[in-house]
Amino acid sequence: MRFEVGSATDQGMVRETNQDRLLVHGNLVAVADGMGGHAGGELAAETAVDELRRLPTMTDTAQVVAGIHHANRKVLGAAERTGMTNMGTTLVAALMRPERRSVVIANVGDSRAYFMSGGDLDQITEDHSLVEDLIRAGKISEEEARDHPHRNVVTRVLGIGEDPEVDTFELAVGADDMFLLASDGLFNEVDHQVIATILDNVEDLDEAAARLVERANQNGGHDNITVVVVRIRDDEPMASTPARAEEIVDEQSLSHLPLQPSAEASGPDVDDPVEPEGPSDPPDQEVEAGSGATEVEAPVGSDPSTELEETLLGQPGEEGSGDLTTEELPPVRSRRPNRMRTFVFAVCVVAIIGLGIGGLVAYGRNAWFVSTVGNEVVIHQGRPGGVLFIEPQAVQPTGIDINDLNPGSRSRVTDVPVFGSLAEAEEFVDQLELSSLRTSE
Ligand code: MN
């Protein structure tokens, strides 16, 4: 089992700076949404993410909680040092544990983690926000929450008090499951179903992340937008697939560590099993952010068109270094009874066969492309050329003669562009019409 990661961050259409930060580091990914003044939010989010990056590799929930408490103390320290006392940051993190086929999610604030399995997208985390409290108390409806004047008030963050309560979730994961970490700039702008559709239809994870950001910007982009997308793979890494900007994390990266006991603790009362400033800290990572640390161009998973907001401390060559396979590793011994394993295996086999057929049909049908019938530009459903027995069908004539288009638009049509939804194909056609009108004026 391995994990693929894609990510993107963008300041949006309104804000002057990007106070979101993301982390893709080893088996840990995170999104932090900073708040509190112009520079404060950036410092808070960056401090949190940098501190998590410096920690030794984590393996269990208690370590993640301890790591977040450590990051919290560092944000408090930065606030004290700079006098920016009202700064803070949300933090949602995911620890990928391929050796246990599970993911640990930890959350403080109103950024979110989502889990997607079989096309269904579920929100895992609860927002620690005033409106969410009001909804839970039955005082306002979800709809009222959307336009609530205090929609941005967060009730739990890093950087305000000692040891904030950390919500944790442990999810069993299987092949092709995905999860998504996102700042509120995404889900306040983009409908749940649209997020699910993009995740379900875009194969390349960096592209999926970029599409989510793009959609949030199209809908107004009122806030910074940051997404980290992860997909679980259980197959052989394909040698022919370029490993560009995909990070693959697997057992090998953890294999030097002793297996931890499976008893997991969560919540605020956990003793720190991680000694964050201990001797296991690599000595070459003591670079202060902002003091000349080099900005590394898109080390992993970032949209190449946006500037990655993190400065990379330490190990630029370590991330995104390509496929690692687990084949040569000894199997991890299971603590679970074998009967359960067999049952789970049987369920998986049935599910994989079902998914294979269902997936192929979905792949063949859940696409729209634009090409011509005669000289008319027509939207088709399906894939150009068809997939097995699923032939594409012309679903929407547009009345546009390709010869009326300017040369640029014409070549965009002859490229036969493929879209994840009819709406996107229509939008593409709308833009063609505009350019044709412009040239005829
Ligand atoms: Mn935000």
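Both counts, for ligands and for their atoms, begin at 1 and track the order of listing.
Salt bridge R73/D163: present, at least one basic N to carboxylate O contact under 4.0 Å. Ion pair R156/D167 flagged as a salt bridge, since at least one NZ, NE, NH1 or NH2 atom sits closer than 4.0 Å to an Asp/Glu carboxylate oxygen.
Remark: the T125 side chain and the R112 side chain contain no N/O donor-acceptor pair separated by less than 3.5 Å.
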### Task
Evaluate the criterion ring pair (Phe, Tyr, Trp, His ring centres under 6.0 Å) for residue pair F428 and F419; output intermediate values, then yes/no.
CA-CA 9 Å; F428 171 83; F419 304 93; 5.2 Å; yes

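With sequence neighbours excluded, the residues forming a salt bridge (Lys or Arg N to Asp or Glu O under 4.0 Å) with D223 are R15, listed by chain and number.
Distances from the Mn ion (ligand 1) under 2.8 Å pick out these protein N/O/S atoms: D33 OD2, D184 OD1, D223 OD2.
Inter-residue side-chain proximity for E42 and M35 is flagged as unmet; no heavy-atom pair is nearer than 4.5 Å.
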